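The basis for the numbers below is simple: all heavy atoms, side chains too, and nothing from hydrogens, waters or symmetry mates. So that the names make sense, note that chain A is the first sequence line, chain B the second, and so on, each numbered from 1. Keep in mind that what you see is a predicted model, and the values were worked out from it rather than measured.
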Amino acid sequence: MYRFQLGTSVISLRHLECEVRVGTMKNSEVAKVFQDIADLLEIKGESPFKVRAYQRGARSIEQLPVQLEQLLKQGQLKEIPGVGDAIAKKITELLTTGRLEYYEKLRSEFPEGLLTLLDIPGVGPKTAYRLSTEVGVRSPEELEKAIVEGRVAGLFRLGDKTVENILRHLQALRTKEQRIPLGVALPLAEEMMESLQQRVEVHDLVAAGSLRRFKDTVGDIDLMCTSADAGAVIEAFSALPQVAEVLARGGTKASVITDRGIQVDLRVVDEESFGSLLQHFTGSKQHNVALRERAHRAGLKLSEYGITDVLSGGMEKFAREEDFYLRLGLQPIPPELREDMGEVERAEQGRIPELLGPGDVKGDLHVHTNWSDGNASVEDMARAAAARGYQYIAVTDHSKGRGIANGLNEARLREQVSEIRALDQRLQQITVLAGMEVDIRADGSLDMPDDVLEELDVVVAAVHSAMGQDEDRMTRRVLRAMHSRHVDIIAHPTCRLLREREPVALDMEAVFRTAVETGTALEINAMPARLDLKDSHVLRARELGVRLAIGTDAHAVGHLEYMRFGVGTARRGWCDPGDVVNTMSLEAISAWLKRRGS
DNA sequence: GCCGTTTTCGGCCCGACTGTTTTCAGTCG
């Protein structure tokens, strides 16, 4: 067992301690080592290109949809973009010995805790190094103390204002929300945009940034608009009821903190360059870098203002984002794909898939009612689903193992099924399918006998207990459930809850392969706190040919709205309508649900 | 350190802001 001697700051997320066991090093842990190496090399003043190479490698590994172990076994490490001889060799050393000599040596050249300082906004490599060597601080907490004690201000190039700024950021770090779940950020952004539109004349108004890309969590909210009267917009924005504090306010840009501690930036931009600005501020940063690198080779220079021909010096502006991509010889790329995951190359070849859209969804296959822990009746849920234009909805209340959720036993389930059948007869607009979200017990057996499941139209199975099982047991447990001929869908496969619960230990490759083999669909649970499968899992599952089901897990009528988060996640995983079972018509899905003869 | 419809060597993304300067270093997105 080897323990990396990293900082222990409570503020730092990126530099938390991590334990590493030989042979089980996770991709994220390996990625972190390379990110640290990049940071240290930067501090050391190494070539920025070398630094960037390590950063790129780290990011590639972080986003890798498969385990490094597997690529190592197959001798495919160098297939990873940004991984060449040197990094491949270092990955091999890390995976086989659990340590990396180069890394340890590099770390030993610097004071302990140096890297934790990099997490403070306004503190980069140069400042961090000087603070750590000249002032001797080893953590954000120590830095704050040093500043208050006046041991920092006055150092060369660290004037009062700089130090004041650092202190402000340090204090903000303690109180500021870290990453905000999409499910919180998106409604807030929409609420603010709506109020803004009521108060003042705005033309285009959109949310850019990671929100537009439907990332599961976002750092802040970026709004962009065009208007004939920028000043009035900025003023109205700063005065919105959600605003608690105005951080900065200029002629065309304002930054505020809302009452919930979330930073929102608004930019008012010219209509004629709205397209390229929107493109720029939608990101991701890495996507934009990839675009610029490519443009550079073609003698073009990209910026938020437009595309410049390097030879002639002339700049073209773009009112529409689409035209920006077309000018680069690229198919327009949907925001959800802009993560530098090969989308630029695909766009070049005209092979960006026709992604699944909200309108493709024909029904919801995971919904609760007041029979278990939902708060609406079967009929209310069904009518609300019909109002959304769905062809079908599956009622999937909990099974008896979820006592706390008022789970249904055999008798109550039968009673509910007859209510559903009767309702289905009455309702013209929508078909109500009888289902259940059945517990997968610790040993992988189901919490409901086969002869009862046999009578249902849809069976969704999920883990809700014994989540601490090791990977081997948990994987065997889930695979066993998938082999049941009654189970159609595995719900929220990793059981993660954003900011609350880590995913369970599960061999996802094995789950994906078994899903293909048994024809079981895996759910993209659309609850914003779950989004499980997450985007990178969806990407990998899809690549292997897994069928997916987007379910809202609605416990109230309003929760049916969550579907859009599930669709966004599916889009981030490059899904087209054919990848998702609940885009099928009623007739087709009925046939699919009967595929195993149940 | 990586990588190739200019290259196996010589390149490698762009602009703005801030504070501290008197021409620019450092940081950020």
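- Note: CG (A/Leu223) to P (B/dG29) measures 17 Å, nearest angstrom.
- For the pair A/Asp85 CG and B/dC3 C1', the interatomic distance rounds to 11 Å; values are reported in whole Å.
- Using a 4.0 Å cut-off between a side-chain N of Lys or Arg and a carboxylate O of Asp or Glu, A/Arg157 and A/Glu134 do not qualify as a salt bridge.
- Counting any heavy atom pair closer than 4.0 Å across all strands shown, A/Val123 reaches sugar-phosphate atoms only and no base atom.
- Of all nucleotides listed (B/dC12, B/dG26, B/dG19), B/dG26 comes nearest to the side chain of A/Thr127.
- Distance from the side chain of A/Ala53 is smallest to B/dC2 among B/dC2, B/dG15, B/dC12.
- Nearest to the side chain of A/Phe156, among B/dT27, B/dT21, B/dG1, sits B/dT21.
- Look at A/Thr162 and you'll find a side-chain N or O under 4.0 angstrom from OP1 or OP2 of B/dT20.
- Under the 3.5 Å distance criterion, the side-chain polar atoms of A/Arg320 are left unmatched by any main-chain donor or acceptor of A/Gly275.
- In this structure, A/Tyr54 and A/Phe34 have parallel ring planes: the angle between them is below the 30° cut-off, well short of the 60° mark.
- Taking for each of A/Leu300 and A/Tyr102 the nucleotide of DNA chain B with the nearest heavy atom, the 5'-most of the two is the partner of A/Tyr102.
- Between A/His296 and B/dG11 there is no side-chain N or O to OP1 or OP2 distance below 4.0 Å.
- With B/dG15, B/dT27, B/dG19 as the candidates, the nucleotide lying closest to the side chain of A/Lys126 is B/dT27.
- In this entry the distance linking CD of A/Glu293 with P of B/dC2 reads 15 Å, nearest Å.
- Taking atom P in both B/dG26 and B/dT22, the straight-line distance is 15 Å, to the nearest Å.
- Rounding to whole angstrom units, CZ of residue A/Arg56 and P of B/dG11 are separated by 19 Å.
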Residues A/Asp265, A/Phe281; criterion side-chain contact (heavy atoms from CB on, under 4.5 Å); working and verdict: CA-CA 11 Å; A/Asp265 297 344; A/Phe281 287 108; over 6 Å; no

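- For B/dG19, one of the phosphate oxygens OP1 or OP2 lies less than 4.0 angstrom from a side-chain nitrogen or oxygen of A/Asn165.
- Nucleotide B/dT8 has no partner under the Watson-Crick or G-U criteria, as no pair reaches both atom distances under 3.5 Å.
- With distances taken from any side-chain atom of A/Lys285 to the nucleotides B/dG29, B/dG19, B/dG15, the minimum falls on B/dG29.
- Nucleotides B/dT21 and B/dT27 place their P atoms 15 Å apart, quoted to the nearest Å.
- Atoms CZ (A/Phe49) and P (B/dG4) sit 17 Å apart, rounded to a whole Å.
- When heavy atoms are screened at a 4.0 angstrom cut-off, A/Ile87 is found touching the sugar-phosphate backbone but no base atom.
- Along DNA chain B, the nucleotide closest to A/Pro121 and the one closest to A/Leu41 are compared, and the more 5′ of them pairs with A/Leu41.
- Remark: the separation of the C1' atoms in B/dT6 and B/dC12 is 14 Å, to the nearest Å.
- As rounded to the nearest Å, B/dT20 and B/dC14 have P atoms that lie 29 Å from one another.
- The listed nucleotides are B/dT20, B/dG1, B/dG29; the one nearest the side chain of A/His280 is B/dG29.
- For A/Lys26 and A/Glu502, the salt-bridge test fails: no basic side-chain N is under 4.0 Å from an acidic carboxylate O.
- Atom name C1', nucleotides B/dC9 and B/dA16: the rounded distance is 34 Å, in whole Å.
- When all heavy atoms of A/Pro332 and A/Pro334 are compared, the closest pair comes out as O-CD, 3.8 Å.
- Here the P atom of nucleotide B/dC14 and the CE atom of A/Met315 are 14 Å apart, to the nearest Å.
- Distance, A/Asp160 CG to B/dG19 P: 11 Å, rounded to whole Å.
- Only the P atoms considered, B/dG4 is 12 Å distant from B/dT8, to the nearest whole Å.
- Considering only side-chain N and O atoms, A/Lys301 lies under 4.0 angstrom from the phosphate OP1 or OP2 of B/dG15.
- Counting only heavy atoms from C-beta on, A/Glu304 has its side chain closest to B/dG15 among B/dC12, B/dG15, B/dG1.
- Distance from the side chain of A/Arg157 is smallest for B/dG19 among the nucleotides B/dG19, B/dG15, B/dG1.
- The separation between A/Gln286 atom CD and B/dC14 atom P is 15 Å, rounded to whole Å.
- Because its NZ or CZ atom is not both nearer than 6.0 Å to the ring centre of A/Phe214 and within 45° of the ring axis, A/Arg571 does not count as a cation-pi partner of that residue.
- Comparing atom distances between the A/Lys161 side chain and each of B/dT20, B/dG1, B/dC12 picks out B/dT20 as nearest.
- In this structure, of B/dG15, B/dG19, B/dC14, it is B/dG15 that holds the atom nearest to the side chain of A/Tyr305.
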